[in-house]
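Structure first, then comments.
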Amino acid sequence: MSTWHDTLLSTLTLGTARRDINAELTRWLEANDALDPTATADVAEQLLTAWTITERLQRLQPGQKVDAKTAAAAAEERELPGPRRTRALELILRGTYPTLLPEALSVLEQRQLLLPPHLLPELLEEALKQLTDQPTVARQMLTIGGHRALWLARQHPDWSALDPDIDLSVAWAAEATPGRRTPLLRRWRAVAPAAARKGLAAIWKGQSPKNQETLLAGLQVGLSADDIPWLRAGLGPKRRGVRRAILRLLLLAGDPQAHDELIQVATAAFDDSGRFLSFLSDNDAKALLDTYGGLHKQESISEFLLANLPPATLPELIDKPLPEFWVSLTKAQLYAAATAIKDYADLPVASEFIDFALQANIAQLPSGLVAEITAMLPQEDFLATFHQLLTAEQHALHHGGIARLLVLSRLQPWSERISKAFILQLVGTLRNLTQLPFALQRDLQSHWKLCIPLLSPDIFGWSRTHLHSMTERSDVFGKLATETLQTLAFRRVLWEE
């Protein structure tokens, strides 16, 4: 009976569309009079009846061990949301407002609320999509679902990868290609960094240099000083790309030797006036540079150092403030500098760099990297920076400016002030639509769609006044104005209930 208890539970969890009732189970049901041969109930209803009987019999056997994997989920500590918020969550998870999912999850986390159980399948599907590239986000989604989400993930083969207790070493051993191993390594590092490093070490010598370089990308998750000895031992390969990748990991892990040796190279790379040399002449510095892989083809020593040195160390070397130094850089050098700022996630330097970028020539900026840096700023730093910008420049969010690109890179909703400034700039540009080039109209449509989930819900009343005339238009912008008001009204339900 215990065997069929677990089998029935698994079949109920997956559904009869995914797992048929096998013949042996049918015979067991008939032998125990669980099925009425004269009844008209379909297979699913008969299965539910059989489960009811079996589950009751299981509970009537004191002392019988229950598999922890199939045991009932623990009682939840969090409360369920009210009916209006529940309905809002249904619309988000079932495709009506999909872009609002991060905000909805944030609301549930802030209010310590539990996602309604009937929405768990949709949540687990979304978590599965995030698992490879953002394992931390996937785990947060599982937390929002409560104990039942974890229980359900453990029952379903497609969702079992979300189980934090899953033995990733088995999955690692089953994979053969670096393209599939690297994302798996990132997942493994997120939950067990040391075990993942040992798993990589076990296959390391058998990999080609190209595969080694690919696999090292997965080691950046969970990187710490514990990884330094193994990384240093891997500096031997002839392939330069492997040594370069190891150098970056050593620096990000805080290896003092790599840091000091790179400072030694940097010291030899500047002239007396604090400008980068075109090439190194110091033999010791050249030898150290070669130890860590040397330069890529057509890469300058300045680009190498800017991309790898911790940004906070530069002022000591150049004897000037960072903004003053950044102004003197070429676009390629700025790209290298922005790469280091993003990877080291030095938030004070990141804020300083965004202040610089907002005043710089957009043609000189690596816009994509600047947007990524803006996205990682804490909300209060982002708001302080852009409120200051709006005070200094009323039309700072105009089309073609770097400020508009950067505010659209955010994941968290804007403040009222930024939201109103953005809407006013959009509406103002659209007053004379017939005079606007088609490419500009297309950009405005794109920007409007992107801004809808970012606008502050608190501007709903203000927006009805300023967008009312826009909603009467018969073109795409009239539809966007209507969608904006509908979405703002919807988001108020998320926050206000």
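What's counted below: heavy atoms across the whole structure, side chains too, no hydrogens, waters or symmetry copies. Only a predicted model underlies this, so the values are computations on that prediction, with no experimental measurement involved.
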Problem - Note, Leu235 side chain near Tyr292 side chain (heavy atom, < 4.5 Å) - result: yes
Practice task
May I have the step-by-step check of side-chain contact (heavy atoms from CB on, under 4.5 Å) for Gln379 and Arg410, ending in yes or no?
Solution key: CA-CA 9 Å; Gln379 182 74 345; Arg410 293 292 291 178; 2.7 Å; yes
Exercise for the section: Ignoring hydrogens and angles, tell me if any N or O in the side chain of Arg491 forms a donor-acceptor pair with the backbone of Leu455 under 3.5 Å. Expected result: yes
Exercise for the section: Would you check if Phe304 and Arg244 make a side-chain contact, meaning some heavy-atom pair closer than 4.5 Å? Expected result: yes
Problem - Side-chain heavy atoms of Pro102 within contact of Leu411, under 4.5 Å - result: no
Exercise for the section: Taking the side chain as every heavy atom from C-beta outward, state whether Ile354 and Val370 have any atom pair closer than 4.5 Å. Expected result: yes
Practice task
Answer yes or no: are there more than 12 heavy-atom neighbours, outside Arg275 itself, under 6.0 Å from its atom CZ?
Solution key: no
Exercise for the section: Give a yes-or-no answer on whether the side chains of Glu125 and Trp159 include a donor-acceptor pair shorter than 3.5 Å. Expected result: yes
Practice task
Taking the side chain as every heavy atom from C-beta outward, state whether Thr330 and Ser302 have any atom pair closer than 4.5 Å.
Solution key: no
Exercise for the section: For atom CD of Gln112, decide whether the heavy atoms of other residues, nucleotides or ligands shown that lie under 6.0 angstrom number more than 12. Expected result: yes
Exercise for the section: Assess whether atom CZ of Arg148 is packed by more than 12 heavy atoms of other residues, nucleotides or ligands within 6.0 Å. Expected result: no
Exercise for the section: Might you confirm whether atom NZ of Lys320 has over 12 heavy atoms from other residues, nucleotides or ligands at distances under 6.0 Å? Expected result: yes
Exercise for the section: Kindly check if the number of other-residue, nucleotide or ligand heavy atoms within 6.0 Å of CG (Asp319) is above 12? Expected result: no
Problem - Backbone of Ala307 reached by a side-chain donor or acceptor of Arg248 within 3.5 Å - result: yes
Practice task
Would you tell me whether Glu103 and Trp495 have side-chain atoms, one donor and one acceptor, within less than 3.5 Å of each other?
Solution key: yes
Practice task
Count the heavy atoms belonging to other residues, nucleotides or ligands that lie under 6.0 Å from CD of Glu76, then report whether that count exceeds 12.
Solution key: yes
Handout entry: Backbone of Ile92 reached by a side-chain donor or acceptor of Thr96 within 3.5 Å
Key = no
Exercise for the section: Hey, could you give me each pair passing side chain to side chain donor-acceptor pair (under 3.5 Å) that has a residue in residues 170-189? Not counting sequence neighbours. Expected result: Glu175-Arg180, Arg189-Asp227
Exercise for the section: For Phe325, enumerate each residue passing the ring pair (Phe, Tyr, Trp, His ring centres under 6.0 Å) test, keeping only those at least two apart in sequence or located in another chain. Expected result: none
Exercise for the section: Output yes when a side-chain donor or acceptor of Arg78 lies under 3.5 Å from a complementary backbone atom of Glu109, and no otherwise. Expected result: no
Completion exercise
Given the options Leu262, Leu250, Leu252, Asn308 meets side chain to side chain contact (heavy atoms under 4.5 Å, CB included) only with Leu262
Problem - CD (Glu380) with more than 12 external heavy atoms under 6.0 Å - result: no
Exercise for the section: Answer yes or no: are there more than 12 heavy-atom neighbours, outside Gln110 itself, under 6.0 Å from its atom CD? Expected result: yes
Practice task
Using a 4.5 Å cut-off on heavy atoms from C-beta on, say whether the side chain of Pro378 contacts that of Leu347.
Solution key: yes
Exercise for the section: Could you tell me whether the side chains of Glu90 and His118 share a donor-acceptor contact shorter than 3.5 Å? Expected result: yes
